[in-house]
Amino acid sequence: MNDAIPSPVAALSFFAIVTEAEREKLRDAMHRLLVHGSILRNEPGQREIYDWCRLNPQWLEELAALLGLKILAQHENRLIQAVPLYPALLRRLRLDETLVVLALWYDYDVAVRDQG
């Protein structure tokens with residue numbers, strides 16, 4: 001028997017071993033990543049989600065992979081990001097949105113160069 005292909009029972013066992021509290025944490029983490037694209041520990045209300053994600057990265061990565069996302073963890077910055085793997089998941093900006101983003105980026109870049 002091929003060990004690389006899990007049986008349907010093994011595939012279902014993941015949800016069987018996850019407690020309701022862990023499902024809620026996983027759900028909260030995925031909602032935050034899908035809506036905002038990141039979890040930042042220093043933001044109010046995100047500390048608990050960030051800490052849970054740091055303790056359970058395999059579950060987060062597996063579920064994100066099913067949704068077409070890759071999880072990038074930058075623990076030195078206390079940041080977890082969800083990066084789309086497929087072009088269909090990328091946000092397409094309108095012209096006016098693009099101009100606002102470029103203007104904000106320019107102001108940020110000038111401030112960093114002037115203030116270090």
Side-chain angles (χ1 to χ4, degrees):
M1 181 168 206
N2 187 353
D3 291 352
I5 300 173
S7 69
V9 174
L12 294 175
S13 67
F14 168 74
F15 292 107
I17 63 170
V18 178
T19 66
E20 186 60 35
E22 290 170 329
R23 286 182 194 190
E24 186 176 328
K25 299 281 188 195
L26 185 57
R27 185 180 316 115
D28 289 345
M30 289 309 300
H31 285 176
R32 169 77 50 191
L33 289 171
L34 288 172
V35 171
H36 300 286
S38 64
I39 298 171
L40 185 61
R41 188 175 193 270
N42 296 335
E43 288 292 315
Q46 295 186 32
R47 176 180 296 231
E48 187 178 341
I49 296 171
Y50 175 88
D51 291 340
W52 185 88
C53 291
R54 185 143 187 208
L55 293 174
N56 302 286
Q58 70 283 358
W59 291 356
L60 189 65
E61 290 169 1
E62 286 181 31
L63 186 54
L66 286 174
L67 298 173
L69 302 169
K70 180 178 179 175
I71 300 297
L72 298 176
Q74 299 176 358
H75 296 302
E76 62 277 355
N77 297 326
R78 297 180 178 193
L79 173 70
I80 297 173
Q81 291 180 303
V83 178
L85 295 174
Y86 304 104
L89 297 174
L90 296 175
R91 171 82 163 100
R92 308 266 188 248
L93 297 177
R94 297 185 320 253
L95 179 61
D96 58 336
E97 294 171 326
T98 303
L99 292 173
V100 168
V101 169
L102 289 173
L104 291 172
W105 175 83
Y106 178 77
D107 286 345
Y108 171 77
D109 187 56
V110 168
V112 167
R113 279 188 275 142
D114 290 348
Q115 299 171 4

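Expressed to the nearest 0.5 Å, how far CG of Leu104 lies from CG of Leu99 amounts to 11.0 Å. With rounding to the nearest 0.5 angstrom, the CZ atom of Arg27 is 11.0 Å from the CG atom of Leu63. In this structure, CD on Glu62 lies 11.0 Å from CG on Asn56, to the nearest 0.5 angstrom. The structure places NE2 of His75 at 5.0 Å from OH of Tyr50, a figure rounded to the nearest 0.5 Å. Separation of atoms CH2 (Trp59) and CE (Met30) is listed at 14.5 Å; rounding is to 0.5 Å.
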>> The test is side-chain contact (heavy atoms from CB on, under 4.5 Å); show your working for Leu69 and Leu85 and say whether it passes.
In response: CA-CA 5 Å; Leu69 302 169; Leu85 295 174; 5.8 Å; no

> Would Arg78 and Ile39 satisfy side-chain contact (heavy atoms from CB on, under 4.5 Å), going step by step from the backbone distance to the final call?
Replying inline: CA-CA 8 Å; Arg78 297 180 178 193; Ile39 298 171; over 6 Å; no

>> side-chain contact (heavy atoms from CB on, under 4.5 Å) for Leu60 and Leu33? Distances and angles first, verdict last.
In response: CA-CA 10 Å; Leu60 189 65; Leu33 289 171; 4.0 Å; yes

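Among all heavy-atom pairs drawn from Leu79 and Ser38, the shortest one is CD1-CB, 3.7 Å. Closest heavy-atom contact between Cys53 and Ile80: CB-CD1, 3.5 Å. Among all heavy-atom pairs drawn from Leu40 and Asn77, the shortest one is CD1-O, 3.8 Å. Among all heavy-atom pairs drawn from Trp52 and Glu22, the shortest one is CZ2-O, 3.8 Å.
Ionic pairing of Asp28 and Arg32 is not present here: no N-O contact between side-chain nitrogen and carboxylate oxygen is shorter than 4.0 angstrom. Checked for salt-bridge contact, Arg94 and Glu97 meet the test: a charged N lies under 4.0 Å from a carboxylate O.
Residues Leu72 and Leu34 do not share a hydrophobic cluster, defined by chaining ILVMFWY side chains whose heavy atoms lie under 4.5 Å apart. Under the 4.5 Å side-chain heavy-atom criterion for grouping Ile, Leu, Val, Met, Phe, Trp and Tyr, Val83 is not connected to Val35 through any hydrophobic cluster.
A distance-only check finds no donor-acceptor pair linking the side chain of Gln46 to the backbone of Arg41 [under 3.5 Å].
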